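All of these numbers come straight from a predicted model, not from anything done at the bench.
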Amino acid sequence: KSQSDYELLDSGNEEKLERYGDVILSRPDPQALWNKNLNKAEWDKAGGVFIRMPKDSQWKMKGGVPEKWQIEFGGLKFWIRPTAFKHTGIFPEHLSNWDWIREQIISRHHGVSTVIPVKTGIQSQCQRLDSRLRGNDNDMPVKVLNLFGYTGGATLAAAQAGAEVVHVDGSKVAIGWARDNAEISGLADKPIRWMLDDAVKFVKREIKRGHKYDAIIMDP
C-alpha cells in the first residue's frame with residue numbers, strides 16, 4: 001500500500017514541505033542544506049508554517065486547519081498535532097525501522113525470514129500471524145522494551161507483529177498521545193505497558209528486578 005496520507009513535497013534552504021493527509025505543513029530542517037526545487041507559490045500553499053524566532057517560535061496556521069487530524073501511515077494510524085517544538089507526532093523517516101522491527105519479531109516467532117512490504121497489507125498479514133501465534137502455547141511472545149517511546153510508532157509496529165511491549169517515556173503528553181494512536185490503530189487490547197518514567201532510572205530498576213527483554217529500542 002502506498003503512503004497516500006504522507007508526502008515529502010520539497011526540501012531545501014533549511015526547510016521542508018510535507019503533506020499530512022489533506023494538510024500541507026512547512027517547517028525548519030537544518031539538515032536540508034541544498035536549494036529548494038519548488039517555487040515560492042507552491043510553498044505558499046502550506047496550511048501551516050512553523051516560524052522560528054529567538055524567544056517565541058510557533059506555528060502560523062491558516063483558517064480551516066484543525067488542531068489535530070488522523071492519518072494512516074505504515075499500516076498504523078496516528079493523530080497529527082503540530083507542537084511548539086515543530087514536531088507533528090510522527091517521524092516519517094522511521095518507517096523502514098518499523099518494517100524491520102516487524103520482520104525481526106515475526107522471523108523469531110516462525111524461524112524464517114519474513115519481509116512484509118507495505119503494499120501487501122501490513123495489518124492483515126500481522127493479524128494472520130498473530131492469530132497463528134496465539135494458537136501455539138509453546139511459542140513465547142517476543143518481549144520488547146521501547147525507551148523514549150514518544151507517540152508510539154515503534155511500539156505499535158512491534159505490538160502489531162505480536163510482541164509484548166513496555167513503552168517508556170518521560171512525557172505524560174507523549175504517553176497519552178501514543179495510547180490514543182494505539183486506540184485508533186485498533187491495537188488498544190495488545191499487551192503494551194505504558195510507563196511514564198525516566199528511561200535510565202527505569203532500566204536500572206529493571207536490571208535490579210532481573211527483568212530481561214529480547215529487544216531494546218533506544219531512540220531519544
Interatomic distance, [X] atom [atom1] to [Y] atom [atom2] [nearest 0.5 angstrom]:
X    : Y    : atom1 : atom2 : answer
I80  : I90  : CD1   : CD1   : 4.5 Å
E103 : S96  : CD    : OG    : 10.0 Å
W194 : K172 : CH2   : NZ    : 15.5 Å
Q70  : D180 : CD    : CG    : 9.5 Å
K143 : M140 : NZ    : CE    : 6.0 Å
N35  : N13  : CG    : CG    : 5.0 Å

May I ask you to decide if [Y]'s main-chain N or O and [X]'s side chain share a donor-acceptor pair within less than 3.5 Å?
X    : Y    : answer
Q160 : G75  : yes
D99  : R102 : no
R179 : N181 : no
T83  : F85  : yes
W69  : Y20  : yes
T151 : G89  : yes
W79  : I184 : no

More than 12 heavy atoms from other groups under 6.0 Å of [atom1] on [X]:
X    : atom1 : value
M218 : CE    : no
E67  : CD    : no
K60  : NZ    : no
D22  : CG    : no

request  = Can you label the angle between the F50 ring and the W59 ring as parallel, tilted or perpendicular, going by 30° and 60°?
outcome  = perpendicular
query = Is D10 salt-bridged to K16, going by a charged N under 4.0 Å from an acidic O?
reply = no
Connected via hydrophobic side-chain network under 4.5 Å: [X] and [Y]:
X    : Y    : result
L147 : M195 : yes
L8   : L38  : no
F73  : L76  : yes
I175 : F78  : yes
V168 : Y213 : yes

Would you call [X] and [Y] a side-chain contact if the rule is heavy atoms closer than 4.5 Å?
X    : Y    : value
I71  : K77  : no
D219 : Y150 : no
L17  : I24  : yes
K36  : W43  : yes
V144 : D214 : no
E14  : P28  : no

task = Could you check H87, E18, E15 and say which one makes a side chain to side chain donor-acceptor pair (under 3.5 Å) with R27?
result = E18
ask   = Under the side chain to side chain contact (heavy atoms under 4.5 Å, CB included) criterion, do L95 and W98 qualify, and how do the steps go?
value = CA-CA 5 Å; L95 176 59; W98 302 344; 4.1 Å; yes
message = For the residue pair E72 / Y6, report whether a side-chain donor-acceptor contact shorter than 3.5 Å exists.
response = no
query = Any luck finding a side-chain donor-acceptor pair between W34 and S11 under 3.5 Å?
reply = yes
request  = Assess whether side chain to side chain contact (heavy atoms under 4.5 Å, CB included) is satisfied between I217 and L145, documenting all intermediate values.
outcome  = CA-CA 6 Å; I217 301 168; L145 174 61; over 6 Å; no
Heavy-atom pair of closest approach, residues [X] and [Y]:
X    : Y    : value
G149 : D169 : N-OD2, 3.4 Å
A174 : S171 : N-OG, 3.1 Å
V165 : A159 : CG2-N, 3.9 Å
S185 : L156 : OG-CD1, 4.1 Å

task = Test I105 against R108 for side chain to side chain contact (heavy atoms under 4.5 Å, CB included), laying out the working first.
result = CA-CA 5 Å; I105 292 168; R108 182 182 176 93; 5.9 Å; no
request  = Run the numbers on D56 and I51 for side chain to side chain contact (heavy atoms under 4.5 Å, CB included), then give the verdict.
outcome  = CA-CA 9 Å; D56 187 25; I51 308 298; over 6 Å; no
